[in-house]
Amino acid sequence: MTLNRKNDEAPEAESADRRQFLRNAMRVGGAAALLLSSASRRLLAGSLALNSRQMEAARQAQQAQGAPPDPGRLEAEAAQPAEMGGSFQDCPCTSCTGTCRGGCTSCEGCKGCTANCASGCDNNCSGGCEGSCKGYCSGCRGVNL
Amino acid sequence: MTEPLDFRIVQLHLTDQCNLRCSYCYEDRAQRSSEVMSLETAREIAVRHLTEEGAHKRVEIDFIGGEPLLAWDVMVSLVEFVHHRKWPRDCAFTFSTNGTLFTGEMKAWLDRHSCVSFSFSLDGTREAHDLNRCNSYDRMIRHVPWALERCARMGMEKRVKMTIGADTIPMVAQGIAELHAMGFDKIDANVPYENIWDGRLDSSLDSFAGELDALVEYYLQRPHLEPPNLIDLPFEKIFARKTGQEYPRWCGSGNPMICYDVQGRALPCHRFVSVSTGRGYEGPLVFPPKTWDEAGQAEPSACVGCPFVAACPSCMALNWLENGDVDRRTHWHCGFILLQIKASAKYKILRLSREIDAAPQTIEGRQTVSALQTGLDQALFVHDLLSSQSA
């Protein structure tokens, strides 16, 4: 008998550092750990894709207006230290003038972003996201592409 | 640390004997003993766990084998022994069966004992089931209407176990659709952890990906149905890793499970029984949790560095058997699980996009949108991560 422990541990709050850690793990260590053949890895990359209509629907859903942010929660999040070391150096926001504190790391290509992406983009990104956020970055909503 | 569970699963491996020889079965037929667990042994084990010290409030006694219906008299006697006495904690009984051996007398007894639930092993379509389970579909399927009606009458979940064999991958989606059409609500479907692929891994993965895509579409069209793990793995867990946290385990071997073989020897779970391992097990019955750091020491498993390990099912007994450590994972199922994680992300992206789009323009609706967007964002991230995996 296998127990499905799906619901017994609620995921703790994630951070952008964790996302960068996952990307790095995929790129350097994890990818090797997958122990797949080249053909299988190509298959993994190419299968179960989203078509353009599905992708557009997902982007629109990401940008749908939700409840106003809770200022108390944002302050609490901003006060949390980064949990995984090493990600500051990896931050791709090369000219971020905001308080990036490693939190921009999930956002690919936010060059020039002047806002604090870690606690949610306030639509003041003066630099523009240069198109590669692809709608995946929860912090840069509304200013990319 | 993980909260202690409030239940204990006590497995009684009543017999090695089975009337089928399934293609993926890990039990070694050459080693099968003809012995059946004695009623005295079964009673002693049940009494011990129903009265032992411990925080658990409930004991689930799970009859396994082999085919447990081949030890029907022991099952009946033990259930009636426990059922007719008072105990300091609750007790329920379960068993898994190939479903070919039910008699009218057995059905009548089960209809009188709602404390006993059971599940079939039914591998989808007739063709798939017969390929995997030596042409037993007709012998089993005639009992399914009664079993489903019994579940409805007794308020039990209508669930079924579906194993995916090397020859039946192209029939997965059709098989699941048939099981739902038959009346099953929950389908526990999985690829075996053992190496059953015989040089066909890449082609099997290719076929599996297509089946998962079909399942995503199937469940999107039927939002009232609960999807199986095949497209609903808890990939959100990958975001939760922190230094000091426990290295993830999936199954309940050792805790909350304990198993007793035919002679009454204790083991962490049924997969440690010698007919399944080919050798005796002398190790601990409980495996203290490891931290990530501990899992990465000595000769670390490649899985420690995998970003998806927290969402990846694994069999601790097979890990021990193959690699000498319950946390040093086997990886024959690795590609299948990664495809399942990608399918799970895709399913969630499409489902949440629809739900967000349909949310009303009210305060409550906007709160719903905000809550769903977090999950959508994670699903997009995971899907992107696996799409960028290059050769």
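Quick note: numbers below take in every heavy atom, side chains included, and nothing from hydrogens, waters or symmetry partners. Each chain gets a letter, A, B and so on, in the order its sequence line appears, and its residues count up from 1.
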> Can you list the steps and then say if A:Arg19 with B:Asp384 is a salt bridge (Lys or Arg N to Asp or Glu O under 4.0 Å)?
Replying inline: CA-CA 12 Å; A:Arg19 291 193 174 208; B:Asp384 183 48; over 6 Å; no

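Counting only heavy atoms from C-beta outward, the side chains of B:Gln361 and A:Gln65 never approach each other to under 4.5 Å. Residues B:Phe308 and A:Leu22 form no side-chain contact, since every pair of their non-hydrogen atoms from C-beta on lies 4.5 Å or further apart.
The line from CZ of A:Arg23 to CZ of B:Phe381 is 4.5 Å long, rounded to the nearest 0.5 Å. Annotation: the span from B:Leu212 atom CG to A:Ser47 atom OG amounts to 8.0 Å, rounded to 0.5 Å. Remark: A:Gln54 CD to B:Leu220 CG distance equals 8.5 Å, nearest 0.5 Å.
With a threshold of 4.5 angstrom between heavy atoms, B:Leu376 approaches chain A through side-chain atoms but not through N, CA, C or O. In this structure, the portion of B:Leu350 lying under 4.5 Å from any heavy atom of chain A is its side chain and not its backbone. With a 4.5 angstrom heavy-atom cutoff, B:Ile349 touches chain A only via side-chain atoms.
No donor-acceptor distance shorter than 3.5 angstrom exists from the side chain of A:Gln60 to the backbone of B:Ser353, with no hydrogens or angles considered. Remark: the backbone N or O of A:Ala49 is paired with a side-chain donor or acceptor of B:Lys346 at under 3.5 angstrom. A donor-acceptor pair is defined here as one N or O able to donate and one able to accept, closer than 3.5 Å; no such pair exists between the side chain of B:Lys342 and the backbone of A:Leu48.
Ionic pairing of B:Asp202 and A:Arg41 is not present here: no N-O contact between side-chain nitrogen and carboxylate oxygen is shorter than 4.0 angstrom. A salt bridge does not link A:Arg42 to B:Asp206: none of the charged nitrogens lies less than 4.0 Å from a carboxylate oxygen.
For the residue pair B:Ile356 and A:Ala61, the shortest heavy atom distance occurs at CG2-O, 3.6 Å. Nearest approach of B:Leu339 to A:Leu43, heavy atoms of both residues: CD1-CD2, 4.4 Å.
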